[in-house]
Amino acid sequence: MGKEHKVFENLSPQIQLIRGGVEDETFITNPQGNLVNRILSEGRMRPTNDVLVEAIKDLVKKQGNGFYEPLIEDNGDGFRYQLEVDGSMVEMTSSGLAVVRKELGENILGVEEAIDQTILERFILYQVAQEVSNDELVLYPYSAPAFIDQDYDIALPEGKPKDVQEYYQKMLNEYGIKLVFAGRHLHFAVPDSLIETLYQPNTSHEKVEIDLCRLGRTFVDEMIALSNASPIYGGKLGLIQSQRNYVNGFPKPQNIDVGGWYESPEKFNAMKEQMIRNGDIFRWPNHLYILVRPKGGGRIELRALDLVTDRDLQEATALYYQLKLTHLLIRHKSENGFNYAYDDDAVRIFRRNERQAAKLGAFAQVDKSALGGNKKITIQEQVRLSLDNEVRPLAEVLGVADKLKPLEPFIYRGENEALRIIERFKRGSIYNPNYYPEFVKEEILSYQKLLIEQVRGALARINDNSSDVSKKLKRFVLEVFGEKLERIQR
C-alpha cells in the first residue's frame, strides 16, 4: 500500500478523487393499473410523459425569469429530464456529466452531491406527476416494473430524427418487453492532476478511459451484487435478485461484448469502425451496451446498477467503486505486470460472474483471477477483502471511511436491498397468494415517505461550498415546494 498512500497523501481529504455524476431512471406508474397503467395500453404513455417533462420545464421557467434554466438545460452545468426509449420511464441526470475535465479544487462534484441532486429531481418529478394527473400518477422506486403485460406494444416516439427513430426501432426489435427496466448509471472521471501524477506527459484522455474500463470491468459483478434490488418480475418472486441484469441481459447481440475493446485506444477505434460497418452497432455510442464503457473526456460510465431506495447505500456503493478503481489504476501504473489481456476468455469470465451476481448476490461463486485474485470465491468474501486491503485504507486517508458502513450488512450477512424486498414480500404473501397489488401500493407509500426524508437531508447538506447548480436546485425546491414540505413535516 506504500505507493498508493504516497499519492493520496498529496490530496486534500475534502475532495473526491474521481468526479462523479449520476443518471437515474424512474417509472411513472399508477398502482391501480398494469405496468404504467391503462395509459400505456391505450397508447398514450409517451404523450403523457411528454406532458410531464414539459410541465417540469414550464414550472422551472416560471420561477425567476430564467434564473433556473441550468436546472433543465443539457449544457454541462445543469441537469435534464428526458424519456427513455419505451416512454414508460423518465431519466434524470445530475450536473457534471457533460463537462468533466476540471482540476481538483475547482468545485469538483462529488458522488454525495450528485446523489443529492437526483433526490431533489425525483421530488420535483413526483410533485409534477401528482399535479398533472390529479394525484393519480406516482413514482415506482424499483428497477423491475410494478406491473407487466407481456402483450403490450411499445409506441415509438414522434418527432425524432430519422436515425433516432431507426435506432429506437432496432432496440425494440431486439429487446421488446425486456427493455422496460429502470436503473442507475454512475459516471467517473480521473482529474487531470491525478493523470499527470500517474501518466506520461500528453497522455490522451482516450488512453485513460481504456485503462479505466479494462480495470473497472473486473469487478462489475461486485457492484451488481451490492445493488441488487429487483427480485420481483411480473408480480412473481423468483430465485433471481436482479431481474434487471438477469432478464434484461445487455448487451444484445452478444457479439458486441467481446474481447479486444479495452486493449488499447487503437484497437478500440478499429473495432468501433468495423462493428459500425457490419451493422452490429447501429448508433454510436448509444448501442455500445457493455456494462462499463467510455464516454469521452476521460470519463467512463458504469451501467449495471439496480435502483436502491437506501440513499446511504447508494453513496457507499458508488464510493466503493470509485476508490477501488482508483486503487487499481494506481497499481496498474506503478507495478510492472499488473494487467491482463482483455480477450474473449476474459470477457466470458466477466459475463458469467455478472450473471451469477445478478442471480445470487453476495453468495455467488465467481472467478477473480484476471488480476491475480482467487479463481473461486464468493462475492461477499471478495468485497470484504477489497474493503480491508484496497478501499478502506484509501477512504481513511480521504476522511470518508464512515461512509462505507452501509456495506457492513453485505459483508457480514450477505444482505442487500433485494433480500429485504424478498422478506417483505414473503411476509405479506404467506396467507394471500394475490398479495402483489397490495405489496406495490405499500412499497410506493413507503417510498413516498422515505423520499421526503431524503429531500430534507439533501437540502441540509447543500451549503455555500456546494456547486452552483445544487444551490439553485435547493432554492428552487424551497421556493416552489417549501410550504408543502412544512405541511408534510407537521
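Counting begins at 1 with the first residue of the sequence. Hydrogens, waters and symmetry mates are skipped; everything else that's a heavy atom, side chains included, is used.
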Inset, instruction - Report yes if the side chains of Tyr262 and Leu212 come closer than 4.5 Å at any heavy-atom pair, otherwise no. - result: no
Inset, instruction - State, with a plain yes or no, whether a side-chain heavy atom of Leu288 is found less than 4.5 Å away from one of Trp261. - result: yes
Inset, instruction - Take Glu442 and Arg424, measure what salt bridge (Lys or Arg N to Asp or Glu O under 4.0 Å) needs, and give me the verdict at the end. - result: CA-CA 10 Å; Glu442 291 174 355; Arg424 291 198 297 273; over 6 Å; no
Inset, instruction - Return the minimal non-hydrogen interatomic distance between Thr317 and Met223, and the atom names on each side. - result: O-CE, 3.3 Å
Inset, instruction - Say whether, by atom type as modelled, one donor and one acceptor occur between the side chain of Asp221 and the main chain of Phe350 under 3.5 angstrom. - result: no
Inset, instruction - Mind checking the OG-CD spacing from Ser230 to Glu417? Nearest 0.5 Å is all I need. - result: 10.5 Å
Legend entry - Counterpart residues, salt bridge (charged side-chain N to carboxylate O under 4.0 Å, His left out), relative to Lys272 (two or more places apart): none
Inset, instruction - Compute the centroid of each ring, for Tyr233 and then for Tyr246, and state whether the two points are separated by less than 6.0 Å. - result: no
Legend entry - Candidate pair Leu407 and Leu313, rule side chain to side chain contact (heavy atoms under 4.5 Å, CB included), full reasoning: CA-CA 7 Å; Leu407 303 182; Leu313 179 58; 3.9 Å; yes
Legend entry - Nearest heavy-atom neighbours spanning Tyr320 and Ser386: OH-CB, 3.2 Å
Legend entry - Closest non-hydrogen atom pair, Ser466 against Lys471: O-CE, 3.3 Å
Legend entry - Residue pair Gln454 / Arg461: nearest heavy atoms and the distance that separates them: O-NH2, 4.4 Å
Inset, instruction - Kindly say whether Phe410 contributes a backbone atom to a donor-acceptor pair with the side chain of Glu415 at under 3.5 angstrom? - result: no
Legend entry - Residues Arg303 and Glu23 bridged, charged N to O under 4.0 Å: no
Legend entry - Over all atoms of both residues, closest heavy-atom pair of Asp24 and Arg184: OD1-NE, 2.7 Å
Legend entry - Heavy-atom side-chain contact between Gln117 and Arg122 under 4.5 Å: no
Legend entry - Side chain proximity check, Leu139 to Tyr126, heavy atoms < 4.5 angstrom: yes
Legend entry - Nearest-0.5 Å distance that lies between atom OG1 in Thr218 and atom CG in Leu215: 6.5 Å
Legend entry - Inter-residue atom distance Leu459.CG - Leu120.CG, 0.5 Å rounding: 5.5 Å
Inset, instruction - Look up atom CZ in Arg214 and atom CG in Leu371, then write down how far apart they are to the nearest 0.5 Å. - result: 9.5 Å
Legend entry - Pair Tyr140-Tyr447, ring-ring contact (aromatic ring centres under 6.0 Å, His included): steps then yes or no: CA-CA 8 Å; Tyr140 188 63; Tyr447 176 66; 8.9 Å; no
Inset, instruction - Test side chain to side chain contact (heavy atoms under 4.5 Å, CB included) on Phe476 and Ile124 and set out the steps. - result: CA-CA 10 Å; Phe476 176 78; Ile124 294 171; 3.5 Å; yes
Inset, instruction - Give, for atom CD1 of Ile290 and atom CZ of Arg293, the distance between the pair rounded to the nearest 0.5 Å. - result: 9.0 Å
Legend entry - Donor-acceptor pair between Asn416 and Gln241 side chains, under 3.5 angstrom: yes
Legend entry - Any donor-acceptor N or O pair under 3.5 Å, side chains Tyr199, Asp211: yes
Legend entry - Ile444 vs Lys441, side chain to side chain contact (heavy atoms under 4.5 Å, CB included): CA-CA, chis, key distance, verdict: CA-CA 5 Å; Ile444 288 174; Lys441 295 176 188 177; 5.9 Å; no
Inset, instruction - Kindly indicate whether the side chain of Ile119, heavy atoms from C-beta on, has any atom under 4.5 Å from the side chain of Arg311. - result: yes
Inset, instruction - Could you tell me whether the side chain of Lys295 and the main chain of Glu301 form a donor-acceptor pair under 3.5 Å? - result: no
Inset, instruction - May I ask you to test the Thr203-Gln200 pair for a side-chain heavy-atom distance under 4.5 Å? - result: yes
Legend entry - Sub-4.5 Å side-chain heavy-atom contact between Glu443 and Thr309: no
Inset, instruction - Please determine if Glu479 and Arg475 form a salt bridge, counting it only when a charged side-chain N lies under 4.0 Å from a carboxylate O. - result: yes
Inset, instruction - Might you point out which heavy atoms bring Pro294 and Glu209 nearest each other, and give the distance in Å? - result: CB-OE1, 3.0 Å
Legend entry - Test item: side-chain donor near acceptor, Ser143 and Gln243, under 3.5 Å: no
Legend entry - Between Ser227 and Asp306: side-chain donor-acceptor atoms closer than 3.5 Å: no
Legend entry - Pairing of Lys403 and Glu112 as salt bridge, 4.0 angstrom limit: yes
Inset, instruction - Could you grab the distance from atom CD of Gln382 to atom CG of Leu385, nearest 0.5 Å is fine? - result: 5.5 Å
Inset, instruction - Assess whether side chain to side chain contact (heavy atoms under 4.5 Å, CB included) is satisfied between Glu354 and Leu291, documenting all intermediate values. - result: CA-CA 9 Å; Glu354 290 153 4; Leu291 294 182; 3.5 Å; yes
Inset, instruction - Would you indicate whether the side-chain heavy atoms of Arg217 and Asp257 approach each other to under 4.5 Å? - result: yes
